[in-house]
> 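For reference, the structure I am asking about is given below.
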Amino acid sequence: MSFQNPVFIPGPTNIPERLRKACDMPTIDHRSPLFGEILHPARAGVRRILKSDSAEVFIFPATGTGGWETALSNTLSPGDKVLAARNGMFSHRWIDMCQRHGLEVEIVETPWGAGIPADRYAEILSADTGHEIKAVLATHNETATGVRSDIGAVRRAMDAAGHPALLFVDGVSSIGSMDFRFDDWGVDVAVTGSQKGFMLPAGLAITGFSARAMEATRTARLPRTFFDVHDMAKGYANSAYPYTPAVGLMNGLNEACGMLLAEGLENVFARHHRIAEGVRAAVAAWGLELCATSPEVYSDTVSAIRTPDGFDATRIVTHAAETYGVAFGVGLGEVAGKVFRIGHLGSLTDVMTLSGIATAEMCMKDLGLEITLGSGVAAAQDYYRGHPALLHKDAA
Ligand SMILES: *Cc1c(COP(=O)(O)O)cnc(C)c1O
């Protein structure tokens, strides 16, 4: 590998120098008031990035997976029923976690490449007149397939059915990169991690709880200790944790929120969209197809690219690492060997992205695919020239 090249995996993402420095701190006493000066602004920053006025933000020394566990274990009881669509590896793993926690999952099997079928959710919720379903799970951005689902439509389906279930959203690869509206969408628990849109090393599970989700914690009987939000809330009241916080990462998170908010969330989203459009222009110029089946589900943070039948897409990723010192993402689960992924989220510019597109071309050509060198690069250049970047001094 090379430490000079940017990575093009959909997390962990490239870390801006400013954030690496913010994480690199001498030890401070995490029970001293000094820690509160990091903790409280970081939580307030996350709340703004979630687009919420009132979400309770809880941050654990864990990863996105720990955020899933926080959502489930604090709000549900053994045997509770939840509704979830399986349309990729991450939604699959969340379902697996529910089952291992003794929850009953009503699974809506969905083609890998499609978004959450909100109409199916509406039918199932309408039929559930006894309100046995306690929570609806939604993976906002399926990182395995490069598919963004419409969470507003999921909320409308729940409201149309008059169903009181809680709405849990996995926003691990969307929050801080693509529009996410905790309050507008009536999200009850949002989950993310530090190593994607927040541009930090892995190590924080970041969650937001609505008032209704907090209410549910009072009667929820799933066991929880490390991820107990009440223990955490008690700690926060004293500017502390129930255990030892990851102080450097929290300082980095505070700084990352400052960077994203200074750039402006809408500008951050526009930057991701523009960069993604350039990648998609390159894919079209290569004559290849995205795993995502239609433009309305195209993800602005990751593109999963199908390679021709009979060609093992993983070879591109291995070859890129070994020959050019560049990291792309492999296909996971059902699409293993069928797609490779270009991650384009976090700290990235059009100029960096062009290098990734050029590298992918070299790899595909080296491995015998019919690719004209420069074709994808030229398509992306055309797009970027025609859609100038909004340069911002604080842009990640
Ligand atoms: C990365 C990711 C996860 C898993 O997060 P970890 O931090 O690796 O535990 C979950 N969901 C989605 C959509 C992801 O992209």
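All ligand and atom numbering here is 1-based and tracks the order in the structure.
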> Would you list the pairs meeting salt bridge (Lys or Arg N to Asp or Glu O under 4.0 Å) in which at least one residue belongs to residues 332-342, sequence neighbours left out?
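Those involving residues 332-342 do not exist here.
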
> For the side chain of Thr110 and the backbone of Ala85, is there at least one donor-acceptor N/O pair under 3.5 Å apart?
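Answer holds: no.
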
> Just list the side-chain donor-acceptor pairs under 3.5 Å for residues 229-237, sequence neighbours left out, or say none.
from   : atom 1 : to     : atom 2 : distance (Å)
His230 : NE2    : Thr217 : OG1    : 2.8
Tyr236 : OH     : Ile59  : N      : 2.9
Tyr236 : OH     : Ile59  : O      : 3.4

> Could you pull out every protein residue that has a heavy atom closer than 4.0 Å to ligand 1, ordered by chain and then number?
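Under the 4.0 Å cut-off, ligand 1 touches Thr63, Gly64, Thr65, Trp68, Phe90, Asn141, Thr143, Asp170, Val172, Ser173, Gln195, Lys196.
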
> Which residue pairs satisfy the ring-ring contact (aromatic ring centres under 6.0 Å, His included) criterion with at least one member in residues 271-306, sequence neighbours excluded?
none

> Parallel, tilted or perpendicular: which describes the rings of Phe58 and Phe60, with under 30° parallel and over 60° perpendicular?
tilted

> Could you tell me whether a side-chain N or O of Arg156 sits under 3.5 Å from a main-chain N or O of Ile151, the two making a donor and an acceptor?
no

